Amino acid sequence: MSEAGMSTQKITLAKGLNMGLRKAMEADDKVLIAGEDVGKLGGVFRITDGLQKDFGEDRVIDSPLAESGIVGTAVGMALRGYRPVVEIQFDGFVYPAYDQIVCQVAKFTYRSQGKVKMPMVIRIPFGGGIGAVEHHSESPEAQFAHTPGLKVVACSNPVDGYWMIQQAIAHDDPVIFLEPKRQYHADKAELDESATPEPLFSSRVVRKGEDVTVLAYGPTVKTALKCAEAAEQEGRSLEVIDLRTLSPLDMRPVYESVRRTGRVVVTHEAHVNLGMGSELAARITEECFYSLEAPVLRVGAFDHPYPPSRIEEEYLPDLDRVLDAVDRTFAF
Amino acid sequence: MSEAGMSTQKITLAKGLNMGLRKAMEADDKVLIAGEDVGKLGGVFRITDGLQKDFGEDRVIDSPLAESGIVGTAVGMALRGYRPVVEIQFDGFVYPAYDQIVCQVAKFTYRSQGKVKMPMVIRIPFGGGIGAVEHHSESPEAQFAHTPGLKVVACSNPVDGYWMIQQAIAHDDPVIFLEPKRQYHADKAELDESATPEPLFSSRVVRKGEDVTVLAYGPTVKTALKCAEAAEQEGRSLEVIDLRTLSPLDMRPVYESVRRTGRVVVTHEAHVNLGMGSELAARITEECFYSLEAPVLRVGAFDHPYPPSRIEEEYLPDLDRVLDAVDRTFAF
Amino acid sequence: MNDPAGFGPDLAEVFGPSQSDGGPELVQLLTPEGERVHHPEFDMEFSAEQLLGFYRDMVLTRRIDVEATALQRHGELGIWAQLLGQEAAQIGAGRALKPQDYVFPTYREHGVAWCRGLDPLKLLGLFRGVDQGSWDPTEANFGLYTIVIGAQTLHATGYAMGVQRDGLVGTGDPDRDMAVIAHFGDGASSQGDVNESFIFAASYNAPVVFFCQNNQWAISEPIERQTRIPLYQRALGFGFPGIRVDGNDVMATYAVTQAALKRAREGNGPSFIEAYTYRMGAHTTTDDPTRYRLNDDLERWKLRDPIERLKVYLRRNGLVDQKFFDDLDAEAKELGHHLREGCKSLPDPKPLDQFGYVFQEITEELAAQRDGFAAYLESFEEVQS
Amino acid sequence: MNDPAGFGPDLAEVFGPSQSDGGPELVQLLTPEGERVHHPEFDMEFSAEQLLGFYRDMVLTRRIDVEATALQRHGELGIWAQLLGQEAAQIGAGRALKPQDYVFPTYREHGVAWCRGLDPLKLLGLFRGVDQGSWDPTEANFGLYTIVIGAQTLHATGYAMGVQRDGLVGTGDPDRDMAVIAHFGDGASSQGDVNESFIFAASYNAPVVFFCQNNQWAISEPIERQTRIPLYQRALGFGFPGIRVDGNDVMATYAVTQAALKRAREGNGPSFIEAYTYRMGAHTTTDDPTRYRLNDDLERWKLRDPIERLKVYLRRNGLVDQKFFDDLDAEAKELGHHLREGCKSLPDPKPLDQFGYVFQEITEELAAQRDGFAAYLESFEEVQS
Ligand SMILES: Cc1ncc(C[n+]2csc(CCOP(=O)(O)OP(=O)(O)O)c2C)c(N)n1
Ligand SMILES: Cc1ncc(C[n+]2csc(CCOP(=O)(O)OP(=O)(O)O)c2C)c(N)n1
Ligand SMILES: [Mg+2]
Ligand SMILES: [Mg+2]
């Protein structure tokens with residue numbers, strides 16, 4: 001497998017996550033998976049495909065249909081020394097578990113002054129663009145990032161999916177792990193299993209540029225990269241940063257970039273109002289006040305609930321809306 | 001009662017809310033109250049004191065101990081034409097009801113394209129400073145303000161308590177109604193029942209000033225006012241705005257103020273990271289970019305869970321920390 | 001599952017029989033073979049007209065389902081939740097309702113919607129993605145489809161508490177008294193919300209009937225994951241009666257639901273009905289049940305088809321002639337046509353309208369966002385023109 | 001509560017007897033009058049040593065409670081959750097545990113904590129506001145106090161699922177087999193989480209005992225608001241046994257809990273114990289029960305005091321002498337002294353330390369906040385000095 005020259009293959013995000021989960025389960029038999037339909041079905045997105053067959057029903061646990069129960073029992077398993085990886089079937093169904101997440105998962109370590117470890121990963125397929133009905137296209141990240149005691153990361157591509165899920169599982173604090181569901185089966189990328197991944201809680205410049213810094217994560221990274229290409233045609237050079245970690249934020253590369261460009265656009269699928277963009281704007285303005293040529297502009301979902309899917313593409317931030325914001329940063 | 005000259009009296013916030021609830025129940029027999037211990041006990045803070053006695057058990061409903069059930073059944077009562085006013089006993093216990101609030105209460109009107117009304121008030125005593133144990137001192141407002149379909153208001157004083165609760169109950173959209181619990185029995189104010197209240201969704205300049213704009217709501221309004229007094233000694237003039245409405249935000253008086261002062265400090269008890277301050281900072285910077293002499297500074301709770309009560313006063317934003325931020329706005 | 005430690009009641013007794021055929025507690029009036037049987041508690045006479053009505057409802061409901069499934073295959077719907085096999089459970093329950101009763105459905109109650117007189121075209125909006133299932137719930141006292149599992153059971157209970165406060169329970173006037181019915185699935189029975197709704201309903205003696213279609217599956221999870229005893233017994237733990245009825249038997253489902261609704265209307269409080277049935281299709285059109293269940297099971301359940309058994313009964317008892325079937329066939333075709341044509345011409349939602357649906361009145365904030373978006377869209381049109 | 005509509009099982013039968021005295025289903029080994037009685041299922045012999053141990057535990061537990069209540073009155077604690085009246089329920093349950101068993105408490109399990117050997121001083125931290133009840137749960141297999149009602153029942157169930165995976169259930173070796181016990185109140189039984197924990201425990205047959213102290217009140221709400229049938233019957237709806245035991249009878253509570261734990265350890269799954277008792281004090285020191293309950297009730301329950309009845313029994317059977325009482329008195333005084341002195345010298349928490357408790361390792365972000373705060377604090381000191 002990892003022999004020289006044999007270790008790369010083209011994979012989707014779904015495959016990367018599946019491979020990463022498998023690796024994590026092989027590496028540590030305390031790793032358990034729990035959730036609705038994660039067993040025989042392999043999850044509705046097939047991310048856990050084949051794992052129950054190979055690791056058994058005790059390690060890949062089909063749960064009763066109750067999210068609070070899934071997370072709450074996972075807390076108990078973590079207290080017993082296990083490392084549960086919980087799958088929430090869709091973003092909109094994390095809310096029945098919200099209390100357990102923000103009052104228990106997030107607080108056990110603090111409550112015990114560090115004596116209790118809570119190594120849990122809560123995987124959430126998030127974001128829209130798959131033509132689904134209500135509650136299947138939400139972007140709940142800001143609520144978790146606002147909660148001390150949780151770490152929140154979002155992967156954006158197959159290779160990150162593979163590494164980040166393993167790193168999250170190996171991490172001793174609870175991690176909300178966001179997966180851009182519209183990317184699951186979209187693009188393939190080359191995975192080199194022998195590579196050394198970057199640290200989990202780090203942001204990454206995914207495209208160098210000079211004129212405007214575009215911040216994105218999860219599903220909007222692809223959008224941002226397309227924007228950068230399009231902008232290049234028009235002679236504008238965008239620097240794109242894939243934030244990857246939403247809490248804690250890794251602001252160093254962001255500040256470094258903004259000090260060069262003086263202009264920032266943040267884009268995410270979550271609502272603009274009190275979304276990650278607000279926090280990024282506030283921090284960047286505080287830190288780079290005299291470098292900014294324009295205020296940080298935010299391109300996200302409008303502040304109404306996720307619309308019927310026939311118009312979701314007009315609701316979600318897209319190439320044009322991000323480019324429009326890029327233009328506007330020059331209008332100040 | 002409301003005869004000329006007879007209509008004013010000195011009341012606490014607890015009293016103002018209690019009187020306001022009573023008025024609302026008298027005015028409309030569709031108004032119901034539901035929650036834990038709201039009946040004979042009058043609520044743990046006595047806000048519903050005497051109401052069950054006067055309006056009966058059918059209108060002041062002691063609920064089983066289940067917050068999701070309380071809010072979920074209130075949704076049903078609203079669908080049947082009632083106007084439920086739900087009491088959540090403490091801020092930290094709103095989370096079991098979170099799913100019903102963000103997926104049902106917030107979305108019914110949107111889901112039905114306006115055909116369904118959801119006139120519900122969810123009262124939440126919020127904030128710290130009462131020497132309580134864990135989960136009794138939370139400030140969950142940002143999470144609700146991030147959710148389209150909910151309106152979020154916070155009262156800061158007895159007179160507002162009296163009027164705002166009546167306005168919220170009369171309003172046809174769901175309102176998260178935040179009450180600064182440490183103020184319940186703290187200060188008294190003169191209530192003139194014959195006065196005409198300002199609109200519910202409006203912010204208010206509570207102290208005029210020239211040098212720095214201080215934005216506050218709920219429990220921090222008092223802090224901000226004290227700051228303004230202290231600053232005056234030092235020759236600095238602070239303008240204090242009581243935001244009152246957190247969603248929608250009423251930015252007009254804020255922008256107007258900032259354009260004059262060029263400096264802003266926001267203070268709230270919620271965590272700074274992704275708190276209301278982030279959104280305010282982002283919007284103000286976008287709108288008043290060239291008026292700002294310094295970035296918007298935020299003074300809130302540190303980003304760790306609410307600490308043991310013996311040190312809560314050091315954790316909560318106080319006079320000194322706000323004044324320190326005011327100073328810092330001059331250091332840019 | 002006996003108890004060697006001798007702790008408490010005999011579990012074998014409590015747990016009841018194996019669930020594969022519904023067990024002896026299954027209320028049945030019509031066997032899978034179309035044989036009319038009698039029940040000591042829920043027996044009932046049906047007129048030919050009633051039975052033909054049930055038959056027609058089931059056939060047309062199945063037609064809606066088949067058409068919608070086809071529409072999804074042709075890309076006209078994003079997804080569809082099939083009810084294949086559950087027609088009797090839904091028609092039996094739906095026809096037991098009085099006009100004044102109020103229904104809280106899940107996302108699969110197409111048959112109940114039919115009984116309420118909702119144009120099935122309205123059901124397609126949600127699945128096509130042109131709206132959120134945005135019919136007016138007061139039109140036919142049929143609530144909006146609910147996707148978050150179990151949430152609607154609390155709404156039903158609260159609504160029933162409202163009905164109590166309106167004085168519309170136990171008035172003695174059967175045309176005024178109201179009941180509420182909450183639909184949900186076997187999987188849903190594990191949600192905290194559903195169990196809390198039992199607690200509230202029991203505590204306030206609310207006029208609500210909990211109608212659970214145990215179709216044996218919650219996507220890929222079998223009923224045994226949710227409960228180790230027959231599901232109807234759950235209600236006993238909350239202090240109200242539970243009944244298991246053959247959900248593929250429209251007569252029995254009707255009889256039991258009618259009794260439960262009557263009970264609620266008369267002020268005798270909540271009850272729980274487990275309609276024992278089977279999801280013959282996939283969970284939704286995106287599901288692949290071959291990954292998790294045996295074809296044998298499906299074949300076994302086909303023999304209990306709810307429509308077939310009533311057809312056999314009607315035929316055997318000379319209650320029907322060929323003309324009835326021909327007419328029904330034509331009606332079904334017409335319905336199919338209505339759905340196909342109607343679906344394609346459902347108007348797309350308008351992005352700018354969405355801002356106006358959030359609240360009863362648009363806020364300044366949202367109006368500004370809408371106007372900004374409108375200006376942005378216009379700028380494109382300008383460029384393009 | 002009979003059923004005129006004749007729907008389903010006879011509710012009078014299901015609902016059982018009135019709850020005022022616990023009813024005939026109440027397992028009792030020692031009457032309120034100190035009379036030893038026998039029970040067909042849960043009878044048990046106790047040595048004098050055991051009984052004296054129980055007595056001592058109850059007296060010292062009550063002393064902890066009295067001292068803590070006084071400390072609150074003197075402003076040394078912010079609040080205190082009293083257990084007055086619930087000593088037998090807690091000692092009976094606590095002493096039935098083996099060292100390897102694991103306890104998930106609420107915020108009122110001071111007696112159970114005592115049985116686990118936790119220094120009661122550690123309990124005061126939470127109520128004084130110097131920590132969050134931050135003992136190491138692995139020290140005595142005694143989990144942290146949980147304030148969000150019911151949340152811990154899911155943790156207990158998950159922990160028990162972990163124990164199953166560790167192969168520590170039904171090994172045949174009673175010193176290896178483990179059980180988990182989840183404590184909660186009558187009010188908690190209405191929470192979704194608690195009901196979900198029943199579902200998970202039943203579904204996986206987890207080795208967990210649900211131990212509910214029905215002290216008749218959830219703050220001001222009487223048990224009738226939470227359930228209209230005896231609470232222990234709730235378990236039957238989930239497919240595992242429920243037992244109501246006299247929670248003021250330490251012998252019976254011990255016997256029943258021991259049997260339930262054994263059952264769990266041997267792999268026979270979950271069970272539910274309703275310890276029927278009474279909260280003789282206020283809900284917490286900030287509560288005023290005179291607003292919502294009758295003094296008569298309290299007086300009636302005083303006659304069932306858990307300590308008194310054992311004392312009568314011990315005396316009447318000559319199992320005790322005055323020296324025992326004198327020694328115990330001295331021990332209680334000593335304990336009181338320990339608490340009073342210890343409480344006042346509990347170190348205050350350090351604001352800067354708080355940043356370091358959030359995660360296993362402090363993040364850069366938090367370290368920066370901490371350092372900024374430290375600098376800010378220093379600037380004050382500079383000003384002041
Ligand atoms: C809270 C929540 N969790 C998960 C889902 C995803 N989901 C949709 S249907 C379903 C299974 C429901 O099973 P059941 O209640 O038996 O109803 P059925 O689909 O069989 O009619 C699941 C898990 C959801 N809609 N809501
Ligand atoms: C989720 C939640 N809601 C509300 C509260 C406030 N509260 C604390 S104790 C209590 C009553 C609990 O009653 P019960 O479960 O019977 O336990 P007891 O206090 O009688 O021991 C309430 C409502 C809480 N702690 N958690
Ligand atoms: Mg099902
Ligand atoms: Mg209680």
Side-chain angles (χ1 to χ4, degrees), chain C residues 1-11 14-16 41-42 150 154 189-200 202-205 221 224-243 256 259-269 271-273, chain D residues 1-11 14-16 41-42 150 154 189-200 202-205 221 224-243 256 259-269 271-273:
Chain C
M1 194 79 75
N2 65 356
D3 186 2
F7 184 95
D10 183 342
L11 292 188
V14 174
F15 285 2
E41 207 177 337
F42 294 103
L154 282 169
S189 70
S190 293
Q191 281 287 0
D193 273 9
V194 173
N195 292 277
E196 291 187 9
S197 74
F198 297 164
I199 286 165
F200 278 69
S203 186
Y204 300 113
N205 208 37
E221 302 198 350
E224 292 75 25
R225 181 81 293 150
Q226 321 290 341
T227 181
R228 59 186 200 182
I229 58 172
L231 196 49
Y232 75 93
Q233 297 180 6
R234 174 77 55 82
L236 306 184
F238 293 87
F240 53 88
I243 296 279
V256 168
L261 289 165
K262 181 162 178 289
R263 194 172 175 280
R265 287 189 209 103
E266 290 176 354
N268 296 304
S271 54
F272 179 101
I273 297 171
Chain D
M1 195 79 77
N2 64 357
D3 186 3
F7 184 94
D10 182 344
L11 292 188
V14 173
F15 285 1
E41 207 176 337
F42 294 102
L154 282 169
S189 70
S190 292
Q191 282 288 1
D193 272 8
V194 173
N195 291 278
E196 291 187 9
S197 75
F198 296 165
I199 286 164
F200 278 68
S203 186
Y204 300 113
N205 208 38
E221 302 199 352
E224 293 75 23
R225 180 80 295 152
Q226 321 290 343
T227 180
R228 60 186 201 182
I229 58 171
L231 195 49
Y232 75 93
Q233 296 179 8
R234 175 76 57 81
L236 306 185
F238 293 87
F240 53 89
I243 297 278
V256 167
L261 290 166
K262 181 161 177 291
R263 195 173 173 280
R265 287 189 210 103
E266 290 176 355
N268 296 303
S271 55
F272 179 101
I273 298 171

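Chain A is the first sequence line, chain B the second, and so forth, proteins listed ahead of strands; every chain is numbered from 1. All of these numbers come straight from a predicted model, not from anything done at the bench.
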- Cut-off 4.5 Å, heavy atoms of chain C, and the answer for D:Phe200 is neither
- Task: Verify, without hydrogens or angle tests, whether D:Glu196 (side chain) and C:Gly192 (backbone) share a donor-acceptor contact under 3.5 angstrom.
- Result: yes
- Passes side-chain contact (heavy atoms from CB on, under 4.5 Å), C:Tyr204 versus D:Arg225? Steps please. CA-CA 8 Å; C:Tyr204 300 113; D:Arg225 180 80 295 152; 3.3 Å; yes
- Query: Does C:Ile229 reach the side chain of D:Leu236, with side-chain heavy atoms less than 4.5 Å apart?
  - Reply: no
- Message: Please classify the contact between C:Gln191 and chain D as side chain, backbone, both or neither, with a heavy-atom cut-off of under 4.5 Å.
- Response: both
- Note on the structure: Taken to the nearest 0.5 Å, the spacing of C:Phe238 CZ from D:Ser189 OG works out to 9.0 Å
- Query: Is there a donor-acceptor pair closer than 3.5 Å between any side-chain N or O of C:Arg228 and the backbone N or O of D:Ser203?
  - Reply: no
- Message: For C:Ile199 versus D:Gln226, what's the shortest heavy-atom pair and its separation?
- Response: CG2-O, 3.7 Å
